[in-house]
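Below is one structure; the comments refer to it alone.
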Amino acid sequence: MSTIIIHHDDCTRHDPGPKHAESTQRVKAVLAGLDGLKGLEMLPAPRATAGQISLVHPPDFWSDITEKEPSEGVVAIDSDTFLSNGSVDAALRASGGLCFAIDQITEGKAFRAFCAVRPPGHHSEPEAAMGFCLLNHVAIGAHHALLNPTINRVAIIDFDVHHGNGTQAVFEHNPDVLFVSSHQMPLYPGSGHMDETGCGNILNLPLSPGDGSKKFRKAWRTLGLPAVQSFRPDLILISAGFDAHQRDPLGQIELQDADYHWITRQICELASDSCRGRVASILEGGYDLQALATASRAHVQALAS
Ligand SMILES: [Zn+2]
């Protein structure tokens, strides 16, 4: 069985502007980075359905976004979140792509999955698009997975350099989902302290600027991964942001490609023990195109092995 790479050209249509870090070139860089890797199958991302979106976002929220989409130029939602023509389709392909990937895995048609899609999603709260994010894809994916009678518990692992405030907000009262996040603090969006524990299902692992590989790995080895193991998930989803990389302009944790390979291997080994190896990953942040290519290659190499 192949590891599937989910993508759609619509994901390049969301264009927040030429000076914006969340560039239309990001997914192209990721796909170029995967070039030559063996055992991968590319599949197109379908659009999310209204029913899938409504698992997380109220219909009024999404109709408001779709009505604001301009035919040309950009419309600001907040100081760093924008809509262009094509933004709605891009976000729909990203959420729909993850739901499709989860179905492929649970139906035994795929080994693991990586969704090379954008815009990112983990900052988006049920009623607030923010932080470059429109729909919260990983939250939609987790809720979609829980509709499958064979999946009672989903663990979401988020190693983006920013805290996934939106994902935390969706699940902080839902004991069927464990959310574990490592992120730089202080940094946008400001949430993600260790005392934010939800109903015992949230584990935040804040790191300091300059912490590097050693402290990142220690946090996951001693706290994050054991928590996932104890939770006994039926599926693991990864919010795979690569902006903790040493080259990234937005974060200062100073990780290297090998760290992304390491954390992904740890997750996959844990998944083999607890949930028949079922792991689906989705691109979140990562704003240096070169680092995005090499780090996502390391991530997918580990996913596929
Ligand atoms: Zn980020």
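As the structure lists them, so they are numbered: ligands from 1, and atoms in each ligand from 1.
- The aromatic rings of His123 and Tyr188 stand perpendicular to each other, their planes meeting at an angle above 60°, with 30° marking the opposite boundary.
- Note: Tyr287 and Phe132 have perpendicular aromatic rings, judged against thresholds of 30 and 60 degrees for the angle between ring planes.
- Ser87 pairs with exactly one of Lys68, His14, Glu69 by the side-chain hydrogen bond (donor to acceptor under 3.5 Å, both in side chains) rule, that one being His14.
- Sorting the N, O or S atoms of Asp243 by how far they are from the Zn ion (ligand 1) puts OD2 first.
- Taking the six-membered ring for Trp and the full ring otherwise, His143 and Phe171 have centroids separated by under 6.0 Å.
- His162 lies close to the Zn ion (ligand 1), since one of its N, O or S atoms is found at a distance under 2.8 Å.
- Put simply, Asp160 gets within reach of the Zn ion (ligand 1), with an N, O or S atom under 2.8 Å from it.
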